[in-house]
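Here's the structure we're looking at; comments come further down.
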Amino acid sequence: MRHLRLNRAARTSALGTAALIAALSLTACQDGGQAAADASVATPGTSDTQPSADAGAPAPRAGGAAGSDSGKDSALDTGQASGSDSVSGTGSGSGPTKADPAAATRQDGGKDTGPVTRACDGGNSKVTLTPVPRPLNHMLLTVTNTGSTACNAYYYPFLRFGEAQSTPPVLEESKPQAVVTVLPGESAYAGVMTSSADGSGTGGYSTRKAVVHFQGRDGSGSTGPSANAPLSKAVYVDSTLSVTYWQTDMDDALMY
């Protein structure tokens, strides 16, 4: 009987020891798992929910980093500045042009000195008067700037043949859109119809003398010295004698 009680006590003690060991093992597992979890939270950059240090920075565009976009912006800024410079260089260096005679400026030693107001006249220009094959009974009057600054060929020439007391009328349809500015060494042109092709003119005569007078800015009459237009042979003129306004192109002067 006593032997039976001893065996039961031994089994009870063994079961208790096994239960204690199991409890200790469970506690160790729980402590290890918690420690691992704590270690995971304490280690930066290991959690998917951890905020990035660059969360506030703009994300790079597809196909390149943010630095690439910066480079493109720099290139664009450089191009715009270059265009402006180009655009700026072109305005100040080109000087006056025939395309815009109203905006032309006087040039003195390569420098612009303001709008041109000086009239072309016999003191700063020379003139030639030459016959042309077409149109019939026409001549081309050319005024060339021989001075060092630009001048304006205002309105139309006052042309006198021989001893005539009056100047021929102007063809109004030939009036240009702007004053013709003549740069040093360049020319302006006017067409001259000396007589009618059908012989309808009256009071005709021949002469080898022609004088050109120039108009001023106000258009009130002639200004400055006149200029002789030497003729290689006698020219016949009659009552249909007429002239055009000064033109920048000789073809325009001879189209009337």
Side-chain angles (χ1 to χ4, degrees), residues 94-132 135 138-194 207 209-231 235 237 240-256:
S94 61
T97 65
K98 284 187 176 181
D100 189 10
T105 56
R106 180 184 297 109
Q107 292 187 336
D108 184 8
K111 297 180 181 179
D112 293 338
T113 58
V116 176
T117 57
R118 182 182 183 184
C120 300
D121 58 34
N124 56 33
S125 308
K126 72 174 183 178
V127 297
T128 59
L129 186 59
T130 55
V132 294
H138 274 67
M139 303 186 78
L140 178 67
L141 179 62
T142 303
V143 55
T144 301
N145 185 346
T146 58
S148 59
T149 58
C151 64
N152 285 336
Y154 289 110
Y155 306 104
Y156 56 92
F158 289 152
L159 178 61
R160 294 181 186 274
F161 281 98
E163 302 301 324
Q165 298 301 309
S166 61
T167 58
V170 66
L171 298 171
E172 287 296 337
E173 60 269 29
S174 67
K175 187 176 182 178
Q177 294 183 350
V179 174
V180 176
T181 298
V182 187
L183 300 180
E186 296 190 359
S187 302
Y189 309 90
V192 180
M193 187 178 79
T194 56
T207 181
K209 180 181 179 181
V211 179
V212 179
H213 298 266
F214 299 86
Q215 296 195 61
R217 183 180 184 183
D218 58 6
S220 61
S222 62
T223 185
S226 60
N228 291 322
L231 300 173
V235 175
V237 297
T240 60
L241 176 66
S242 60
V243 299
T244 69
Y245 281 84
W246 290 113
Q247 310 289 332
T248 58
D249 188 272
M250 66 176 64
D251 289 336
D252 293 338
L254 294 175
M255 67 182 295
Y256 300 97

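Keep in mind it's a predicted model, so treat the numbers as computed, not measured.
Counting only heavy atoms from C-beta outward, the side chains of Asp252 and Tyr189 never approach each other to under 4.5 Å. Asp218 places none of its side-chain heavy atoms less than 4.5 Å from the side chain of Tyr154. Residues Leu171 and Met193 have side chains not in contact (no heavy-atom distance under 4.5 Å, counting atoms from C-beta outward). Looking at Tyr155 and Val170, their side chains never come closer than 4.5 Å, going by heavy atoms from C-beta outward. Taking the side chain as every heavy atom from C-beta outward, Lys209 and Glu163 approach each other to under 4.5 Å. Looking only at side-chain heavy atoms (C-beta outward), Tyr256 and Tyr245 stay at 4.5 Å or farther from each other. The shortest side-chain heavy-atom distance between Ser125 and Val182 does not fall under the 4.5 Å cut-off.
Closest heavy-atom contact between Thr244 and Gly191: OG1-N, 2.8 Å. Minimum interatomic distance between Ala227 and Val127 (heavy atoms only, all atoms of both residues): CB-CG2, 3.8 Å. Between Leu254 and Met139, the closest heavy-atom pair is CD2-O, 4.0 Å. For His213 against Ser222, the heavy-atom pair with the smallest separation is CB-CB, 4.0 Å. The minimum heavy-atom distance between Pro184 and Ala150, with the atom names listed, is CD-N, 3.9 Å.
For Tyr156 and Phe158, the ring centers sit closer than 6.0 Å to each other.
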Go through it in stages, so that I can follow the logic: the residues are Leu231 and Leu129, the test is side-chain contact (heavy atoms from CB on, under 4.5 Å), and I'd like the CA-CA distance, side-chain angles, deciding distance and then a yes or no. CA-CA 7 Å; Leu231 300 173; Leu129 186 59; 3.7 Å; yes
For Lys126 and Thr144, what are the C-alpha separation, side-chain angles and deciding distance, and is it a side-chain contact (heavy atoms from CB on, under 4.5 Å)? CA-CA 5 Å; Lys126 72 174 183 178; Thr144 301; 4.2 Å; yes
Pair Arg118, Asn124 - check side-chain contact (heavy atoms from CB on, under 4.5 Å), show working. CA-CA 10 Å; Arg118 182 182 183 184; Asn124 56 33; 3.2 Å; yes
Residue pair Gln247, Val180: steps toward the side-chain contact (heavy atoms from CB on, under 4.5 Å) verdict: CA-CA 6 Å; Gln247 310 289 332; Val180 176; 5.6 Å; no
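More than 12 heavy atoms of other residues, nucleotides or ligands shown are found within 6.0 angstrom of CD on Glu173.
When atom types are taken as modelled, the side chain of Asp121 and the backbone of Gly216 share no donor-acceptor pair closer than 3.5 angstrom. A distance-only check finds a donor-acceptor pair linking the side chain of Asn145 to the backbone of Gly147 [under 3.5 Å].
Screening Val243, Val192, Val237 for a side chain to side chain contact (heavy atoms under 4.5 Å, CB included) with Pro168, the sole residue that qualifies is Val243.
In the model, Asn152 has a side-chain atom that pairs as donor or acceptor with a side-chain atom of Thr181 under 3.5 Å.
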